[in-house]
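To keep things clear, I will list the structure first and then write my remarks on it.
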Amino acid sequence: MIPFSHTWPYDILLGDLYVQYCPFCSKENILLPMKPKELQTVRDGKKKLLVFPCCNTSLTVIDNDNDYLLFDQAVR
């Protein structure tokens with residue numbers, strides 16, 4: 001079972017990945033340095049290091065679905 005504490009919702013707008021707010025510094029409408037086409041490679045098993053540009057916190061994305069990114073550590 002996937003731990004909900006390790007997931008964070010995302011949105012795709014005009015070909016870019018956004019989160020409503022950063023789980024670490026709470027800044028709103030964050031553009032992630034990851035493209036929607038990279039989501040499929042993560043689903044296929046390749047991990048992706050993701051650095052939040054607002055506070056430079058880095059996490060590893062280990063999986064995703066149509067609504068949530070799954071990280072290697074808790075974000076909630």
Side-chain angles (χ1 to χ4, degrees):
M1 186 169 155
I2 296 173
F4 189 67
S5 62
H6 288 55
T7 62
W8 199 254
Y10 71 92
D11 294 312
I12 298 175
L13 298 171
L14 300 172
D16 292 321
L17 236 63
Y18 286 90
V19 292
Q20 273 192 318
Y21 66 94
C22 177
F24 304 103
C25 70
S26 300
K27 187 174 178 186
E28 295 181 351
N29 299 321
I30 305 300
L31 172 63
L32 298 178
M34 186 174 175
K35 295 296 178 188
K37 63 183 177 185
E38 293 178 278
L39 292 173
Q40 184 59 47
T41 60
V42 172
R43 278 187 207 130
D44 293 338
K46 186 173 181 179
K47 296 178 183 178
K48 167 79 174 158
L49 180 65
L50 180 65
V51 179
F52 281 80
C54 50
C55 60
N56 293 325
T57 303
S58 61
L59 296 169
T60 302
V61 181
I62 56 175
D63 201 1
N64 65 69
D65 62 10
N66 292 331
D67 298 319
Y68 291 93
L69 296 171
L70 176 63
F71 297 107
D72 62 340
Q73 62 186 21
V75 290
R76 295 181 189 266

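Heavy atoms only: backbone and side chains are in, while hydrogens, waters and symmetry mates are out.
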Non-hydrogen side-chain atoms of Cys54 and Phe24 separated by less than 4.5 Å: no
ring-ring contact (aromatic ring centres under 6.0 Å, His included) partners of Tyr10, counting only residues at least two apart: none
CG on Leu32 to CH2 on Trp8, rounded to 0.5 Å: 11.5 Å
Salt bridge (charged side-chain N to carboxylate O under 4.0 Å, His left out) contacts touching residues 63-76 (sequence neighbours left out): none
Hphob cluster co-occupancy, Val75 + Tyr68, side-chain heavy atoms under 4.5 angstrom: no
Pairwise distance CG(Leu70) to CZ(Arg43) - rounded to 0.5 angstrom: 12.5 Å
Shortest non-hydrogen contact from Pro36 toward Gly15: CD-O, 3.3 Å
Among Leu49, Leu39, Val51, side chain to side chain contact (heavy atoms under 4.5 Å, CB included) partner for Met34: Leu39
Interatomic spacing from OG in Ser58 to CZ in Phe71 - rounded to 0.5 Å: 11.0 Å
Joint cluster assignment, Ile12 & Ile30, ILVMFWY side-chain distance < 4.5 Å: yes
Pairs flagged by side chain to side chain donor-acceptor pair (under 3.5 Å) wherever residues 11-37 is involved - sequence neighbours left out: Asp16-Lys35
Among Leu69, Thr60, Val61, Ile62, side chain to side chain contact (heavy atoms under 4.5 Å, CB included) partner for Val42: Val61
